[in-house]
2 protein chains.
Amino acid sequence: MALPSTYADRNCSLARALEIVGERWTLLIVRDAFFGVSRFGDFATQLGIPRAVLTNRLKFLVQEDVLAHVGGEYRLTAKGLRLWPVLRAMMAWGDAHYSPGGAKRTFRHEADGGTLDPQNRCSACGGVVPIAETSVEPGPGYTAPDTDPDPVSAVLTQPRRLLEPLT
Amino acid sequence: MALPSTYADRNCSLARALEIVGERWTLLIVRDAFFGVSRFGDFATQLGIPRAVLTNRLKFLVQEDVLAHVGGEYRLTAKGLRLWPVLRAMMAWGDAHYSPGGAKRTFRHEADGGTLDPQNRCSACGGVVPIAETSVEPGPGYTAPDTDPDPVSAVLTQPRRLLEPLT
DNA sequence: CACGATAGTTCAGTGAATGAACTACAGTGG
DNA sequence: CCACTGTAGTTCATTCACTGAACTATCGTG
């Protein structure tokens, strides 16, 4: 995005954060990484993003230490994992205002099956659930696609644990 | 931004949310609205955004019911106010990773002076503080600009209550 | 060494952002 | 009545980034 850093924005961490994750496609790439996507081709087919742009974004995210590129796979770093609250907050807002049937995805505490609120607090045990212990599944607002999804999307709509690499 | 809504993304509220607030400049405009900016010219000078782009963004945000345009002023709607957790989450991430001296801004519960964590929980009373009761001030990571700020920026670096219109 | 799979690069065409200048209009003072 | 100022935009040529399709590179396998 390369927002100009004016003196006003030099003192705003929101502007700084947006320079990293505010570019088009970037947060969707990060979301897919949370869902277990790790390969160039999988990002490309899942998002329908031009490969040239994907190359740029991945390069930048690696440079900024949001993703790590190891063994041909892109994985979230500790810094990238800390974007989880941002994604959850945005999803919650989108669910609340653009998904009349309820949340498009349900997040669950694997240990006890409780559902997670936007702050990742478990309805069963009451604790804040770490990413490694949460799983995703289609929520009440989910609507099945009319066309057959690509294999990557098909896997991603199955209930699965976060961060688990695609088979 | 007009992200293409593929079958995959039709079922993701993150993608939907990004179509609204994922465009360049948009979240900074919303942030300024939380800080009390409400006039076209103030947004323009504060953000350094091209006026043509500002016109587009404001028009779109009004159309999407994030802002309301009444009496020549742009104000956050209920839907817009619900973006507060998104902004807070992003600011927290930016503070954590790009502001070694600490948060650039401190948010405070006006009633008891307690500071707010990223979930807006008050350190003093322990409750989640509504927007109308919180105030902003420069935080420990704030650094004074080297050049004289414009009048709008100057006002915004004073401790002030959120949503309070600029004088 | 041929073959397919994966990970990119290249490039022409298009659309959006930029920045500076310009218009529209309302209110104020002389 | 008219200049003057402030606010809110619009216009436009330039630059830049995204798009989509095709192409190249590299690796592992048989």
Side-chain angles (χ1 to χ4, degrees), chain A residues 1-9 15 18-29 32-33 36-64 67-75 150-153 155 165-167, chain B residues 1-9 15 18-29 32-33 36-64 67-75 150-153 155 165-167:
Chain A
M1 185 178 261
L3 284 168
S5 49
T6 64
Y7 36 78
D9 281 342
L18 286 173
E19 285 177 21
I20 313 302
V21 296
E23 281 183 309
R24 200 171 164 162
W25 297 109
T26 300
L27 277 181
L28 294 176
I29 292 171
D32 272 13
V37 178
S38 66
R39 317 206 71 105
F40 184 92
D42 290 343
F43 285 112
T45 67
Q46 229 283 317
L47 294 171
I49 175 177
R51 303 169 82 83
V53 176
L54 180 58
T55 301
N56 286 342
R57 295 295 186 274
L58 289 173
K59 205 173 288 180
F60 183 65
L61 287 172
V62 168
Q63 177 193 312
E64 288 294 330
L67 296 179
H69 195 189
V70 286
E73 296 199 330
Y74 293 93
R75 294 296 184 77
D150 60 278
V152 180
S153 300
V155 172
L166 307 186
T167 49
Chain B
M1 185 179 261
L3 284 167
S5 49
T6 66
Y7 36 79
D9 280 343
L18 285 172
E19 286 177 21
I20 313 302
V21 297
E23 282 184 308
R24 200 170 162 161
W25 295 111
T26 300
L27 276 181
L28 294 176
I29 293 170
D32 271 13
V37 178
S38 67
R39 317 206 72 106
F40 184 93
D42 290 343
F43 285 111
T45 66
Q46 230 284 315
L47 294 171
I49 177 178
R51 302 168 82 84
V53 176
L54 180 58
T55 300
N56 286 341
R57 294 295 186 273
L58 290 173
K59 205 173 289 180
F60 182 64
L61 287 173
V62 168
Q63 176 194 312
E64 289 293 331
L67 296 180
H69 195 189
V70 286
E73 295 199 329
Y74 293 93
R75 294 296 183 78
D150 59 278
V152 179
S153 299
V155 172
L166 307 184
T167 49

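So that the names make sense, note that chain A is the first sequence line, chain B the second, and so on, each numbered from 1.
- The distance from the CG atom of A:Leu27 to the CD1 atom of A:Ile20 is 11.5 Å, given to the nearest 0.5 Å.
- Residue A:Arg24 places at least one side-chain N or O under 4.0 Å from the OP1 or OP2 atom of D:dT19.
- Just one residue in the list B:Leu28, B:Val21, B:Ile29 forms a side-chain contact (heavy atoms from CB on, under 4.5 Å) with B:Arg57, and that residue is B:Ile29.
- Ring planes of B:Phe43 and B:Tyr74: perpendicular class, angle over 60° (limits at 30 and 60°).
- Residue B:Thr26 holds its OG1 atom at 11.0 Å from CZ of B:Arg24, rounded to the nearest 0.5 Å.
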For nucleotides 7-12 of chain D, give me every protein contact, N/O to N/O, under 3.5 Å, one pair per line with atom names.
residue : atom : partner : partner atom : Å
D:dA8   : OP1  : B:Arg39 : NE           : 3.1
D:dA8   : OP2  : B:Gly41 : N            : 3.0
D:dA8   : N7   : B:Arg51 : NH2          : 3.3
D:dG9   : OP2  : B:Tyr74 : OH           : 3.0
D:dG9   : N7   : B:Arg51 : NE           : 2.9
D:dG9   : N7   : B:Arg51 : NH2          : 3.2
D:dG9   : O6   : B:Arg51 : NE           : 3.4

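- One distance of note links CG of B:Asn56 with CD of B:Gln63; it measures 11.0 Å at 0.5 Å rounding.
- Here the C1' atom of nucleotide D:dT19 and the CG atom of A:Asn56 are 13 Å apart, to the nearest Å.
- In this structure, B:Leu54 atom CG and C:dA17 atom C1' are separated by 13 Å, rounded to whole Å.
- Atom CD in A:Glu23 sits roughly 13 Å away from atom P in C:dA17 (whole-Å rounding).
- The distance from atom CD of A:Glu73 to atom C1' of C:dG8 is 17 Å, rounded to the nearest whole Å.
- Note that the CZ atom of A:Arg51 and the CG atom of A:Leu58 stand 11.0 Å from one another [nearest 0.5 Å].
- Distances shown here put a side-chain N or O of A:Trp25 below 4.0 Å from the OP1 or OP2 atom of D:dT19.
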